[in-house]
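Hydrogens, waters and symmetry mates are skipped; everything else that's a heavy atom, side chains included, is used.
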Amino acid sequence: MLDATTRFFEDLDRRGFEPLLQKTSGTLRFDLHEGAQTTHWLLRIERGNLHVSQEDREADTVVGTAPRLFGELVTGSENAIAALIRGDMTVSGDLRLVLQVERIFPGPPDARGPHHAFQRRVP
């Protein structure tokens, strides 16, 4: 059985292209720290084209957090910006890449987006 983090990254890699990131290019490395163990995920974005690998390579942006928190981010039960503000997540490099990629993380399961506010009323 795959954990939420692995499923998230495998889904990104399979997706291949993400329209929300079509104006974005760069590399992000996610370092998930648990004790002395660190798991690395490298996300390369080239105008929305995505490629994921598990490599500890140079990246434009490096995000560091605990595996548990990252699992909550990719399931929508936690918010990346809130985690960053609380200091539960660190970012070095280009913060703009984190802000762009954060858009593809799922929202809370019970969230209601703006599309509900603009439903057309039938007389």
Side-chain angles (χ1 to χ4, degrees):
M1 182 159 99
L2 299 176
D3 67 346
T5 297
T6 303
R7 279 194 309 272
F8 174 77
F9 283 115
E10 286 182 354
D11 179 56
L12 287 182
D13 198 45
R14 256 191 315 274
R15 193 179 312 176
F17 179 76
E18 173 53 58
L20 289 173
L21 299 175
Q22 67 185 352
K23 295 182 180 179
T24 303
S25 293
T27 54
L28 285 96
R29 191 180 75 224
F30 296 89
D31 292 348
L32 309 183
H33 309 290
E34 189 163 42
Q37 176 83 13
T38 300
T39 303
H40 306 282
W41 291 93
L42 186 68
L43 173 60
R44 290 191 301 266
I45 308 166
E46 182 62 41
R47 295 184 180 161
N49 292 301
L50 309 176
H51 178 73
V52 176
S53 60
Q54 281 196 277
E55 297 180 74
D56 182 11
R57 295 181 41 170
E58 288 282 323
D60 299 317
T61 305
V62 177
V63 176
T65 193
R68 176 198 53 76
L69 176 62
F70 196 80
E72 293 171 354
L73 294 172
V74 300
T75 58
S77 60
E78 182 59 77
N79 179 278
I81 304 305
L84 190 61
I85 291 169
R86 283 194 315 268
D88 292 339
M89 191 167 76
T90 61
V91 175
S92 60
D94 189 354
L95 180 60
R96 291 175 299 171
L97 281 174
V98 174
L99 298 176
Q100 291 295 315
V101 169
E102 190 268 341
R103 297 169 43 200
I104 64 172
F105 283 22
D110 59 349
R112 298 191 185 273
H115 62 279
H116 293 291
F118 297 106
Q119 291 179 348
R120 184 176 152 204
R121 292 186 180 173
V122 178

*Asks:* With no hydrogens and no angle check, is any side-chain donor or acceptor of Thr61 less than 3.5 Å from a backbone partner on Asp94?
*Replies:* yes
*Asks:* Please name the pair of heavy atoms, one in Pro106 and one in Val74, separated by the smallest distance, quoted to 0.1 Å.
*Replies:*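 Taking Pro106 first and Val74 second, the nearest heavy atoms are CG-O, 3.1 Å.
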*Asks:* Please check if Leu21 and Val91 belong to a single hydrophobic cluster, counting links between Ile, Leu, Val, Met, Phe, Trp and Tyr side chain heavy atoms closer than 4.5 Å.
*Replies:*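 Both belong to a single hydrophobic cluster.
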*Asks:* Do Ile45 and Val101 come within less than 4.5 Å of each other through their side chains, counting heavy atoms only?
*Replies:*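 Yes, their side chains come closer than 4.5 Å.
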*Asks:* Take Leu73 and Met89, measure what side-chain contact (heavy atoms from CB on, under 4.5 Å) needs, and give me the verdict at the end.
*Replies:* CA-CA 11 Å; Leu73 294 172; Met89 191 167 76; 3.9 Å; yes
*Asks:* How far apart are the closest heavy atoms of His33 and Thr38, and which atoms are they?
*Replies:*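 Closest pair (atom of His33, atom of Thr38, distance): ND1-OG1, 3.1 Å.
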*Asks:* Show your working on side-chain contact (heavy atoms from CB on, under 4.5 Å) between Leu69 and Glu78 and close with a plain yes or no.
*Replies:* CA-CA 8 Å; Leu69 176 62; Glu78 182 59 77; 3.4 Å; yes
*Asks:* In this structure, would Phe105 and Leu95 fall into the same cluster of hydrophobic residues linked by side-chain contacts under 4.5 Å?
*Replies:* yes
*Asks:* Verify the cluster assignment for Leu28 and Leu50: are they in a single hydrophobic cluster under the rule of side-chain heavy atoms below 4.5 Å apart?
*Replies:* yes
*Asks:* Does anything in residues 41-60 pair up under ring pair (Phe, Tyr, Trp, His ring centres under 6.0 Å), and if so which pairs, sequence neighbours excluded?
*Replies:*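 Sorted result for residues 41-60: Phe9-Trp41.
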*Asks:* Less than 4.5 Å apart, any side-chain heavy atom of Leu32 and any of Thr65?
*Replies:*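 A side-chain contact exists here, since the closest heavy-atom pair is under 4.5 Å.
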*Asks:* Please step through side-chain contact (heavy atoms from CB on, under 4.5 Å) for the pair Ile81 and Leu99, ending with a clear verdict.
*Replies:* CA-CA 8 Å; Ile81 304 305; Leu99 298 176; 3.4 Å; yes
*Asks:* Please name all residues satisfying salt bridge (charged side-chain N to carboxylate O under 4.0 Å, His left out) with Glu102, sequence neighbours left out, ordered by chain then number.
*Replies:*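 Checked Glu102 against salt bridge (charged side-chain N to carboxylate O under 4.0 Å, His left out); zero matches.
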*Asks:* What closest approach, in Å, do Gly71 and Ala4 show between heavy atoms, and which atom pair accounts for it?
*Replies:*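 Heavy atoms only, the tightest pair is O-CB, 4.3 Å.
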*Asks:* With the side chain counted from C-beta on, respond yes when Val52 and Glu10 share a heavy-atom pair under 4.5 Å apart, and no when they do not.
*Replies:* no
*Asks:* Hey, what's the ring geometry for Phe30 with Phe70, parallel, tilted or perpendicular (30° and 60° as the breaks)?
*Replies:* tilted
*Asks:* For Ser25 and Arg47, indicate whether the former's side chain and the latter's backbone hold a donor-acceptor pair under 3.5 Å.
*Replies:*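 Here the side-chain-to-backbone pair exists.
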*Asks:* Is the side chain of Arg29 donor-acceptor paired with the backbone N or O of Asp56 at a distance under 3.5 Å, no angle test?
*Replies:* no
*Asks:* More than 12 heavy atoms of other residues, nucleotides or ligands under 6.0 Å from CZ of Arg96: is that the case?
*Replies:*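 No, the 6.0 Å shell around CZ holds no more than 12 heavy atoms from other groups.
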*Asks:* So do Glu18 and Gln100 actually touch side chain to side chain, heavy atoms under 4.5 Å?
*Replies:* no
*Asks:* Sorted by first residue and then second, give each salt bridge (Lys or Arg N to Asp or Glu O under 4.0 Å) pair with at least one member in residues 65-75; sequence neighbours left out.
*Replies:* Arg68-Glu72
*Asks:* Would Leu12 end up clustered with Val63 when hydrophobic side chains under 4.5 Å apart are linked, directly or stepwise?
*Replies:* yes
*Asks:* Please report the interatomic distance CD1(Ile104) to CG(Leu43), rounded to the nearest 0.5 Å.
*Replies:*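 With rounding to 0.5 Å, CD1 (Ile104) is 6.5 Å from CG (Leu43).
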*Asks:* Salt bridge or not for Asp11 and Arg7, using N-O below 4.0 Å?
*Replies:*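 No salt bridge links Asp11 with Arg7.
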*Asks:* What heavy-atom pair brings Leu20 and Arg103 nearest, and what distance separates the two atoms?
*Replies:*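 In terms of heavy atoms, the two residues are closest at O-NH2, 3.2 Å.
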